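Here the structure comes first, spelled out in structure tokens, and everything after it is commentary.
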Amino acid sequence: MSANEFDAIVLGAGAAGLMCAAVAGGRGRRVLLLDHADQVGKKILISGGGRCNFTNVNTAPDRFISANPHFAKSALARYTPADFIALVVRYGIAYHEKTLGQLFCDGSAKQIVAMLLEECAKGGVDVRTGQLVHDVTHADGKFIVRFGDASFSAPALVIATGGPSIPQMGATGFAYDLARQFGLKVVEPRPALVPLTLGGDDVLFRELSGIAAPVEARAGKAAFREAALFTHRGLSGPAILQVSSYWRHGEPVTIDFLPDAPQAWLLDAKRTRPRATLRAALGAMLPDRLAETLAERLGLPGELAAQTDRKLADAESRLARWDFRPNGTEGFAKAEVTVGGISTASLSSQTMVAKTVANLYAVGEAVDVTGWLGGYNFQWAWASGHAAGQVI
Ligand SMILES: Cc1cc2nc3c(=O)[nH]c(=O)nc-3n(C[C@H](O)[C@H](O)[C@H](O)COP(=O)(O)OP(=O)(O)OC[C@H]3O[C@@H](n4cnc5c(N)ncnc54)[C@H](O)[C@@H]3O)c2cc1C
């Protein structure tokens with residue numbers, strides 16, 4: 001075998017590519033891992049505010065979005081959060097659960113990148129960065145990758161170049177170009193885990209920029225009970241980021257501003273605090289400026305005692321189902337991930353190999369599998385990378 005020939009070439013040294021290369025290298029395969037960025041694992045380094053939310057102990061297939069909701073099951077079942085935690089523990093990396101099953105490093109995301117690089121080194125993986133992948137061709141059962149001034153070949157190729165979210169970090173739609181080149185279908189990519197923008201009638205809410213409240217946010221059939229944050233462009237915060245992955249242009253995002261309030265709480269308030277205004281009643285449960293804006297929108301000036309029960313019941317139900325009509329998202333520049341991607345219909349869920357091109361694989365965010373906020377996306381990257389790494 002010449003110096004430029006390998007058993008497998010992995011394109012993209014992010015979470016999925018590093019895992020895939022390390023696992024294959026550990027099996028004794030000669031693996032080349034290529035990335036155009038000057039550094040591997042850049043998204044890992046910035047993730048979780050620099051502490052990397054590396055998995056979620058509540059990982060389950062229903063926390064992933066895909067045209068085929070069953071696709072992720074196999075890989076997720078064969079490489080679980082416990083497997084990744086065991087690796088983290090083996091490397092002596094301290095971690096903690098922050099909230100909702102989300103595990104973060106106590107120290108720094110750099111520890112996760114160092115761990116994966118060490119695993120690659122143990123498997124003899126040849127890691128090269130900082131050059132452009134000019135093109136990829138396939139002839140006589142070999143993939144040939146022109147990288148910088150060199151040409152490399154291998155009978156197996158893994159597409160692990162991620163999705164187009166955060167192009168400033170080196171993210172590209174290269175995975176989709178390659179997939180199309182080899183005849184694989186691509187499900188339309190959309191920004192996900194992304195803030196939503198407000199216009200029209202909702203524009204007044206932008207004045208609440210900086211105010212957050214615990215809400216239940218809904219889009220389509222998805223509902224998340226977490227904090228929502230008003231921004232100078234619209235809506236953000238975990239509840240909104242989560243529903244953004246399900247939201248479609250033209251649809252409403254429905255907010256329950258008081259998900260924990262008992263039924264008929266406003267009628268009770270009328271009986272117990274008849275002199276209070278709607279604004280004061282809301283102010284007892286919500287940030288003051290939000291209470292003021294909502295009360296203004298609802299009308300009903302004066303004391304609660306002066307309102308009919310019917311009007312108060314209507315106000316209560318509006319507060320529980322407040323429709324915002326976002327006019328867009330903040331786009332790939334601000335999206336943590338991408339929904340859509342290389343169609344799962346083109347791939348084996350066991351090995352991630354393409355059904356129509358021998359020895360071509362796709363893993364990680366490049367594939368049409370997108371996790372919820374909270375460590376699920378890394379778990380998919382590890383699991384899918386591991387699935388391919390075991391067979392290439
Ligand atoms: C700000 C931010 C914070 C996040 N925080 C979390 C978190 O805490 N927990 C979580 O689970 N998920 C988080 N995510 C999502 C997570 O980072 C991704 O889902 C995950 O990195 C996907 O792994 P991947 O290996 O498929 O792609 P990536 O990690 O994006 O890796 C793709 C690699 O391919 C390279 N590449 C791209 N194009 C080319 C090309 N043309 N030629 C050569 N190389 C190329 C890139 O340089 C990159 O190294 C976060 C994302 C962002 C943007």
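Given the structure is predicted, the values throughout are model-derived calculations rather than measurements. Both ligands and their constituent atoms are indexed starting at 1 by order of listing.
The six-membered or imidazole ring of F378 lies away from that of F84, with a centre-to-centre distance of 6.0 Å or more. The ring of W380 has its center no closer than 6.0 angstrom to the ring center of Y376.
Protein neighbours of ligand 1 below 4.0 Å, counting non-hydrogen atoms: G12, A13, G14, A15, A16, D35, H36, A37, K43, I46, S47, G48, N53, V133, A160, T161, G162, I166, G170, T172, F174, E336, V337, G364, E365, G375, Y376, N377, F378, A381.
No side-chain donor-acceptor contact under 3.5 Å links T59 and N56.
Side-chain contacts under 4.5 Å among hydrophobic residues (ILVMFWY), followed directly or transitively, place I166 together with I46, M169.
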Practice task
Run the numbers on F182 and F143 for ring-ring contact (aromatic ring centres under 6.0 Å, His included), then give the verdict.
Solution key: CA-CA 11 Å; F182 287 104; F143 293 92; 5.7 Å; yes

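Using bins of under 30°, 30° to 60° and over 60° for the plane-to-plane angle, the ring pair F324/F205 lands in the perpendicular bin.
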